[in-house]
Amino acid sequence: MRFLRNFVRFLVAVQLLPALESGEETLVGGQAVLEGVMMRSPHAWAIACRKPSGEVVTMSEPLERPSEKHKWMAWPIVRGVMTLGYAMSLGYRALRFSANVAIEDVMQAGATDHVATAASPVPPKRSEAEPIPADATKSQTREKAAAFSGWLAAANVVISLAFFIFMYKYLPLLAATELKKANPALGGQIVFNLVDGAIRLVLFLLFIWGVSLFPDIRRVYQYHGAEHKTVFAFENGDPLETAAVQKYSTFHPRCGTSFLMTVMLISIGFYMLVPFTTFWARFASRIVLLPVIAGVSYEIIRFAAKHRGSLFAMMTTPGLWLQRITTQPPSDEMAQCAITALDQAMALEKDHGGELVIA
């Protein structure tokens with residue numbers, strides 16, 4: 001049962017991945033994972049996950065910035081697509097790590113129960129009575145957990161991709177098309193795409209709100225709040241201590257939630273420019289245009305983060321409203337996970353990237 005629960009948590013978290021992470025390559029950012037937080041700087045990343053026992057498991061690695069190797073990746077619009085793809089890939093790795101930690105804990109508990117119930121009253125031989133080293137047992141458990149997480153991750157990729165295309169591309173277009181048949185007045189290019197966009201936005205909001213009712217996902221949203229508070233504290237030069245971190249807001253303008261909301265709104269205008277009128281041509285165009293829309297949305301979010309009083313900043317306001325759902329006030333233990341992850345990322349940043357520049 002706990003394994004199935006972890007599978008469902010991972011499945012939902014993959015769907016929420018763009019909303020839980022910040023995709024800015026030049027700044028400190030992060031992402032909520034299962035019972036933990038991933039933090040990254042331009043040249044490093046680190047994860048801190050808490051087990052039910054209270055133990056915090058960490059992992060950190062240096063990173064290479066793609067735009068430093070390939071200058072064309074820093075071009076406007078292109079950098080948004082590349083950075084988003086890179087951030088999604090990194091975020092997925094972080095989710096897999098957190099899933100491994102959760103599965104490992106379940107498997108260790110199962111192994112302990114198995115040993116207890118299988119104990120023999122007959123004294124074993126001396127060679128058999130020698131205890132198995134704890135490190136060897138943990139290593140075996142992690143190998144098994146990694147194997148489970150491998151097929152779990154593969155299954156989730158397929159399910160998540162199919163869900164995304166069906167929920168946000170196929171279903172809204174189908175509903176708008178049927179409404180047009182019932183009322184020809186809705187067939188105009190502008191009106192049709194407004195209806196299509198409204199349906200897509202409602203489905204997105206219902207999904208974000210609906211999964212927040214599950215206690216496990218609400219905890220992910222709390223870790224999301226911990227990530228935002230810690231980033232705010234770092235950006236303002238405060239010490240990375242629980243009391244200093246907790247005083248900040250959970251709403252951050254560079255959040256993936258704001259990015260997704262901006263994508264939803266910008267896409268309505270883009271689709272109005274597409275001259276296709278048949279269902280399948282429209283459906284194909286929505287998939288093909290997704291990278292362009294993502295790139296433009298990235299530039300808007302980037303500009304809005306630097307110019308808080310601009311018109312573009314007003315466009316990101318609905319995303320900040322939505323963070324009232326996707327971020328929740330964290331406990332001190334959750335905030336400490338985010339602090340631990342950022343501390344480790346920044347230690348590697350100094351070793352591999354030099355001094356961080358907030359830009």
Side-chain angles (χ1 to χ4, degrees), residues 7-23 31-34 80-96 98-99 149 151-177 193 195-214 216-217 220-221 224 255-271 274 276 279-298 301 318-319 322-323 325-326:
F7 181 86
V8 173
R9 283 200 305 168
F10 187 71
L11 177 63
V12 176
V14 170
Q15 280 299 317
L16 293 171
L17 186 57
L20 298 177
E21 58 89 32
S22 58
Q31 174 192 313
V33 293
L34 305 180
V81 178
M82 301 306 299
T83 301
L84 179 62
Y86 189 64
M88 290 284 289
S89 174
L90 194 62
Y92 193 76
R93 288 176 61 193
L95 272 177
R96 281 197 60 180
S98 66
S149 184
W151 68 259
L152 182 147
N156 269 279
V157 168
V158 175
I159 295 172
S160 297
L161 184 60
F163 179 86
F164 174 81
I165 294 175
F166 175 78
M167 180 67 77
Y168 302 121
K169 301 299 175 185
Y170 179 82
L171 200 58
L173 184 60
L174 178 64
T177 302
N193 284 288
V195 172
D196 170 66
I199 294 172
R200 184 166 52 254
L201 190 58
V202 168
L203 290 175
F204 172 66
L205 294 176
L206 284 176
F207 177 77
I208 291 290
W209 171 78
V211 297
S212 72
L213 301 179
F214 295 96
D216 286 342
I217 301 304
V220 174
Y221 287 167
H224 192 195
C255 175
T257 304
S258 298
F259 174 80
L260 275 183
M261 181 61 78
T262 304
V263 167
M264 293 284 177
L265 297 175
I266 292 295
S267 63
I268 297 174
F270 266 83
Y271 296 155
V274 177
F276 303 129
F279 177 86
W280 291 111
R282 280 173 165 163
F283 179 67
S285 68
R286 278 152 172 70
I287 297 176
V288 171
L289 283 175
L290 188 57
V292 180
I293 296 171
V296 172
S297 300
Y298 173 88
I301 292 291
L322 189 56
Q323 287 183 47
I325 300 176
T326 62

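The basis for the numbers below is simple: all heavy atoms, side chains too, and nothing from hydrogens, waters or symmetry mates.
Two residues are said to be in side-chain contact when any heavy atoms from C-beta on lie closer than 4.5 Å; T326 and H224 meet this criterion. Looking at I199 and L171, their side chains never come closer than 4.5 Å, going by heavy atoms from C-beta outward. In this structure the side chain of L95 reaches within 4.5 angstrom of the side chain of S98, judged on heavy atoms. Inter-residue side-chain proximity for M167 and F204 is flagged as unmet; no heavy-atom pair is nearer than 4.5 Å. Within the 4.5 Å cutoff, the side chain of V211 has heavy atoms near those of the Y221 side chain. At least one side-chain heavy atom of F283 sits less than 4.5 Å from a side-chain heavy atom of I165. Side-chain atoms of L201 and M261, non-hydrogen and from C-beta on, do get closer than 4.5 Å to each other.
Residue I325 holds its CD1 atom at 14.0 Å from CD1 of I217, rounded to the nearest 0.5 Å. Separation of atoms CD1 (I293) and CD1 (I268) is listed at 10.0 Å; rounding is to 0.5 Å.
Ring-plane geometry between F279 and Y170 is classed as perpendicular, the angle between the planes exceeding 60 degrees on a 0 to 90 degree scale with a lower cut at 30.
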For Q31 and L90, what are the C-alpha separation, side-chain angles and deciding distance, and is it a side chain to side chain contact (heavy atoms under 4.5 Å, CB included)? CA-CA 10 Å; Q31 174 192 313; L90 194 62; over 6 Å; no
Apply side chain to side chain contact (heavy atoms under 4.5 Å, CB included) to residues D216 and L34 and explain how you reach the verdict. CA-CA 8 Å; D216 286 342; L34 305 180; over 6 Å; no
Full working for ring-ring contact (aromatic ring centres under 6.0 Å, His included) between F207 and Y168: CA-CA 11 Å; F207 177 77; Y168 302 121; 7.0 Å; no
Show, in sequence, the C-alpha distance, side-chain angles and deciding distance for F270 and I266, and conclude whether the side chain to side chain contact (heavy atoms under 4.5 Å, CB included) test is met. CA-CA 7 Å; F270 266 83; I266 292 295; 3.5 Å; yes
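Smallest separation of non-hydrogen atoms from Y271 and K169: OH-NZ, 2.8 Å. Between P172 and F166, the shortest heavy-atom contact is CD-O, 4.3 Å.
Looking at R286 and D196, a side-chain N of the basic residue comes within less than 4.0 Å of a carboxylate O on the acidic one, giving a salt bridge.
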